[in-house]
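This one's a predicted model, so the numbers in the text were calculated from it and none came from an experiment.
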There are 2 protein chains.
Amino acid sequence: MSRPKKAAACCGDAPMTKHQCILAAAQEVFLEAGYAAASMDAVAARANVSKATIYAHFENKRALFEAMISARCEATFSDLGVPEAYTDARQALLELALHFLNLIVAPEALAIHRVVLAEAPRLPEVGEAFYAAGPIRAHARIGALFSDLTRRGLMAVPDCDTSLVTDLFLGMLKSDIHTRALLNLPPNERSIQSIADAAVDMLMARYGAKA
Amino acid sequence: MSRPKKAAACCGDAPMTKHQCILAAAQEVFLEAGYAAASMDAVAARANVSKATIYAHFENKRALFEAMISARCEATFSDLGVPEAYTDARQALLELALHFLNLIVAPEALAIHRVVLAEAPRLPEVGEAFYAAGPIRAHARIGALFSDLTRRGLMAVPDCDTSLVTDLFLGMLKSDIHTRALLNLPPNERSIQSIADAAVDMLMARYGAKA
DNA sequence: GTCTATAAGAGGATAGAC
DNA sequence: GTCTATCCTCTTATAGAC
């Protein structure tokens, strides 16, 4: 058979194939050290395999990196929060806002963001994969919520403005919180909660339904 | 004398000391390749000096990198736009907004941002220097404008909200434009101008002076 | 301060046995 | 597919002459 066989768990509890083992090790090493500073030796050691085995599964360092990024982007950004039943625009927006903020300041998301930005000029596909898995999905999810709230008469966002307003809203949420988190600086005194509150306020002042 | 002497122009037209020459070369090499992938050989070649000369001026690769980042952050983010005389809040905000957006999407600012984010977890001082030279200054500048506009009765931002509103406004401006630019993706169909317009609209809907 | 030359080692990738 | 051992290049940093 051409597919790799199962292997005893080499990095954790669940049994993983060598392929998965290598990807998991690559994630740790690349996200900790950055692409260039990460060595194939370090990945091999972390995965408990030989370097030659890595090259049997991935053409070269770059291919391993791209495969890892692709897999992690999907996993990390797949869940932006389930749509709940709601009758109040503020509550629905707040819930999604908090979910979004907690997602983008999670350590793994930040580490991926950093390494993707760093290599984007030299590895365009990596930047595109990240953008499609993260920002595009978030935009679509929030935009859909605005459309739904407007259809129900709970907001008043014209169709032609939905995309623009979504961008502004997500920008407000990220505000300085995201920048500081990416720079590895301690969180601001203002909590995620108060930023989310203020962003929703600003949004509703302009696009709330006329009572 | 202990200070390095003047040297013939080695990288451009104006005469530069070897020290400046090395810093200029380091900027190009580090910003193009990233910290780890950049080599001291490449810097030496670009500066037209020997590697040994670099080590006479800077203790090691890391020190050279930090010196370069420090110098470039100061130079790149020093000018966020001169305060003009204004009688209209919208016009003043728009002017500053456009200046800010054009500054953060400039190729050099993007390159610095990428490399600083990439190394921030391992070189904390670099992240702090960048934050102090860029985001802190922008925040102070915009916050001062809000205060001034409010004092003149052209806006209504309570003192206790100034910092928070500044964060939200800057976040709206960056919106998706900054993320896309950092990822080296082609600019969005929406122009910088329309994002700035919309952000000012949203802001004035909530914090405009009551007419 | 500046150079040439080189030490000392890390890192990507492969050969060949099993 | 997997391993051990190795090739060879590139890289940081320094020694020693001027």
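At the phosphate of C:dG1, neither OP1 nor OP2 sits under 4.0 Å from any side-chain N or O atom of B:His19.
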One character per nucleotide, please: for nucleotides 3-15 of chain D, 5' to 3', B when the base has a protein heavy atom closer than 4.0 Å, S when only the sugar-phosphate does, - otherwise. BB------SBBBB
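Sorted by first and then second residue, the ring pair (Phe, Tyr, Trp, His ring centres under 6.0 Å) pairs involving residues 101-120 of chain B (not counting sequence neighbours) are B:His113-B:Phe130, B:His113-B:His178.
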Determine all donor-acceptor pairs shorter than 3.5 Å in which one atom belongs to a side chain in residues 117-125 of chain B; sequence neighbours excluded.
residue: B:Glu119; atom: OE1; partner: B:Arg122; partner atom: NE; Å: 3.4
residue: B:Glu119; atom: OE1; partner: B:Arg122; partner atom: NH2; Å: 3.4
residue: B:Arg122; atom: NH1; partner: A:Glu32; partner atom: O; Å: 2.5
residue: B:Arg122; atom: NH2; partner: B:Ala118; partner atom: O; Å: 2.8

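In this structure, A:Lys61 is positioned above the aromatic face of A:Tyr35, its NZ or CZ under 6.0 Å from the six-membered ring centre and within 45° of the axis.
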Using side-chain contact (heavy atoms from CB on, under 4.5 Å), reason through B:Met202 and A:Met172 one step at a time and then give a plain yes or no. CA-CA 11 Å; B:Met202 185 101 76; A:Met172 282 195 283; 4.2 Å; yes
What verdict does the side-chain hydrogen bond (donor to acceptor under 3.5 Å, both in side chains) test give for B:Ser175 and B:Arg190, after you've listed the backbone C-alpha separation in whole Å, the side-chain angles of each residue and the deciding distance to 0.1 Å? CA-CA 11 Å; B:Ser175 68; B:Arg190 273 195 299 284; over 6 Å; no
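One can place CZ of A:Phe58 at 16 Å from P of C:dT14, the figure rounded to the nearest angstrom.
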